[in-house]
Amino acid sequence: GIQDSGVLIADNRLLRGVGNITTDESNGNSSYHAMQVWLNRRFSNRLAFQVAYTWAHTISDVALTSFTNTTSDPYNFDSDRGDADLDRRHTFVGNIVYELPSFQSWGKAAEFALGRWQLNGIVSYFGATPLDVQTFVNTLGMATGVGQRPNYTGQPLYLDTGDPTRHLNPLAFARPAAGQLGTLGKGSVRGKPITNIDFSMAKNWRLKERYGFQFRAEFFNVFNHANFVGFDLDLRNSTFGQLLNVQSSREVQLGIKFTF
């Protein structure tokens, strides 16, 4: 807390001498605008693919941690107007399926080992969503705990040090003075985008007319790209702005299926 936080809370009460009056409302305003592009090629000549792209912008006047937190100022929803917690500007997902030729002209051995392998790929890109940077200090003087944003100092928001785990610049944020709401706009700070590429390959063999044999190899996050998540958003911590966790690394699955 801050010094004399009890006095500050008392001074903010509309009804002096009256304790907390709790109200619970499900309200707020939001808007969503989007452009969606979708391209599809059905399987022909051993090739099929799909591409989907969405540009979107979601704005709301409720706190970033909507549905789990109170508004910053219950008498002024505009103080929380900005990019919503689920605002993701760019989303791209593409997939492709390609079947190798039979290689019959190369002989039976080549056809058996190389022919008609099915190659599959999925590429995903999810733009960064807003981060809820907080001071965790009741400078506004609210009687109940709410997420209070810091001041924006004008320094660059993001670090460019070559270390992918160091994302936010601590010098860009400062604690507001007593009785003030931070000047940092809601939703103005973003995390990092998520990118991923999956790949798989499979081949089927027929044994006589009755039996079938399939081999599959699946590679999730095939290039082992590190998607850092788990930001420290508490200005009081020495690790503020750092990414502390990563999503799943490369996973490989092999499978054999026999049908009869």
Side-chain angles (χ1 to χ4, degrees), residues 26-38 51-73 77-95 122-136 146-153 155-161 163-170 172-173 181-198 220-221 223 225-237 239-249:
S26 297
N27 58 6
N29 301 282
S30 65
S31 64
Y32 174 80
H33 299 87
M35 177 190 69
Q36 297 179 336
V37 178
W38 183 64
V51 175
Y53 169 76
T54 299
W55 175 92
H57 191 190
T58 307
I59 300 174
S60 71
D61 60 4
V62 293
L64 267 182
T65 49
S66 55
F67 310 111
T68 62
N69 204 349
T70 57
T71 185
S72 298
D73 185 347
F77 275 29
D78 286 342
S79 64
D80 279 329
R81 179 173 172 79
D83 293 343
D85 53 351
L86 47 73
D87 180 50
R88 196 185 297 275
R89 296 297 173 85
H90 305 283
T91 301
F92 174 89
V93 178
N95 64 77
I122 301 176
V123 179
S124 305
Y125 174 87
F126 302 98
T129 53
L131 298 176
D132 195 12
V133 179
Q134 298 185 18
T135 63
F136 290 92
V146 297
Q148 296 180 20
R149 297 185 297 276
N151 284 337
Y152 174 50
T153 65
Q155 294 288 327
L157 290 172
Y158 309 105
L159 294 173
D160 186 14
T161 63
D163 183 352
T165 66
R166 300 179 62 85
H167 184 54
L168 299 181
N169 180 13
F173 311 95
L181 185 66
T183 60
L184 181 69
K186 190 199 77 170
S188 58
V189 179
R190 299 261 169 174
K192 286 195 172 185
I194 302 297
T195 59
N196 186 66
I197 299 178
D198 298 328
F220 302 97
N221 190 10
F223 295 114
H225 175 72
N227 288 306
F228 289 93
V229 293
F231 294 86
D232 184 348
L233 301 177
D234 188 340
L235 280 175
R236 301 171 299 180
N237 297 337
T239 55
F240 168 78
Q242 297 184 23
L243 296 92
L244 307 178
N245 299 301
V246 295
Q247 289 188 337
S248 299
S249 57

Q: Go through Lys186 and Asp85 one step at a time and tell me if the salt bridge (Lys or Arg N to Asp or Glu O under 4.0 Å) criterion holds.
A: CA-CA 9 Å; Lys186 190 199 77 170; Asp85 53 351; over 6 Å; no

Q. Just wondering, do Val133 and Pro150 contact through their side chains at under 4.5 Å, heavy atoms?
A. yes

Q. Is there a donor-acceptor pair under 3.5 Å between the side chain of Asn237 and the backbone N or O of Thr239?
A. no

Q) Roughly how far apart are Asn221 CG and Gln247 CD, rounded to 0.5 Å? A) 9.0 Å

Q. Say you draw a straight line from CD of Gln134 to CD of Gln148; how long is it, rounded to the nearest 0.5 Å?
A. 8.5 Å

Q.
Has Asn169 got a side-chain atom pairing as donor or acceptor with Pro156's backbone, closer than 3.5 angstrom?
A. yes

Q: Can you establish whether the number of heavy atoms outside Asn245 located under 6.0 Å from its atom CG is more than 12?
A: yes

Q: Output yes when a side-chain donor or acceptor of Lys192 lies under 3.5 Å from a complementary backbone atom of Pro164, and no otherwise.
A: yes

Q: Specify the closest pair of heavy atoms between Arg190 and Tyr158, including all atoms of both residues, with the distance to one decimal.
A: N-OH, 2.8 Å

Q) Going from CG on Asp83 to OG1 on Thr58, what distance comes out if it is rounded to the nearest 0.5 angstrom? A) 8.5 Å

Q: Over all heavy atoms of both residues, which pair between Gly187 and Pro130 is shortest? Give the atoms and the distance, please.
A: CA-CB, 3.7 Å

**Q.** Gap separating the CG atom of Leu181 from the OG1 atom of Thr135, nearest 0.5 angstrom
**A.** 9.5 Å

Q.
If I compare all heavy atoms of Asp163 with all of Thr165, which pair ends up nearest, and what's the gap?
A. OD1-OG1, 2.8 Å

**Q.** From Thr195 atom OG1 to Phe92 atom CZ, the distance as rounded to the nearest 0.5 Å
**A.** 12.5 Å

Q) Sub-3.5 Å donor-acceptor pair from the side chain of Asn151 to the main-chain atoms of Thr153, do we have one? A) no

Q. Is a side-chain donor or acceptor of Tyr152 paired with a backbone partner of Leu157 at a separation under 3.5 angstrom?
A. no

Q: Using the side-chain contact (heavy atoms from CB on, under 4.5 Å) rule, take Asp80 and Arg149 through it: C-alpha gap first, then chi angles, then the decisive distance, then the call.
A: CA-CA 10 Å; Asp80 279 329; Arg149 297 185 297 276; 2.8 Å; yes

Q.
When you compare the side chain of Leu131 with that of Leu168, does any pair of heavy atoms fall below 4.5 Å?
A. yes

Q: Give a yes or no answer on whether the side chain of Asp61 reaches the backbone of Asn29 with a donor-acceptor pair at less than 3.5 Å.
A: yes

Q. Between Leu244 and Asp232, what is the shortest heavy-atom contact and its length?
A. CD1-CB, 4.2 Å

Q: Can you spot which of Tyr125, Trp38, Tyr53, Phe126 makes a side chain to side chain contact (heavy atoms under 4.5 Å, CB included) with Val93?
A: Phe126

Q) Under a 4.5 Å cut-off applied to non-hydrogen side-chain atoms, are Ile194 and His225 in contact? A) no

**Q.** For Phe231 against Gly241, the heavy-atom pair lying closest together
**A.** CD2-O, 4.4 Å

**Q.** Parallel, tilted or perpendicular: ring planes of Phe240 versus Phe173, cut at 30 and 60 degrees
**A.** perpendicular

Q. Taking His57 as the fixed residue, which of His33, Arg89, Arg88 is the one that meets the side chain to side chain donor-acceptor pair (under 3.5 Å) rule?
A. Arg89

Q | Minimum-distance pair of heavy atoms, taken over all atoms of Phe228 and Leu243 | A | CB-CD2, 3.0 Å

(Q) Distance check, rounded to the nearest 0.5 Å: Ser60 atom OG versus Asp87 atom CG? (A) 9.0 Å

**Q.** Intermediate values then yes/no, side-chain contact (heavy atoms from CB on, under 4.5 Å), His90 and Trp55
**A.** CA-CA 5 Å; His90 305 283; Trp55 175 92; 3.5 Å; yes

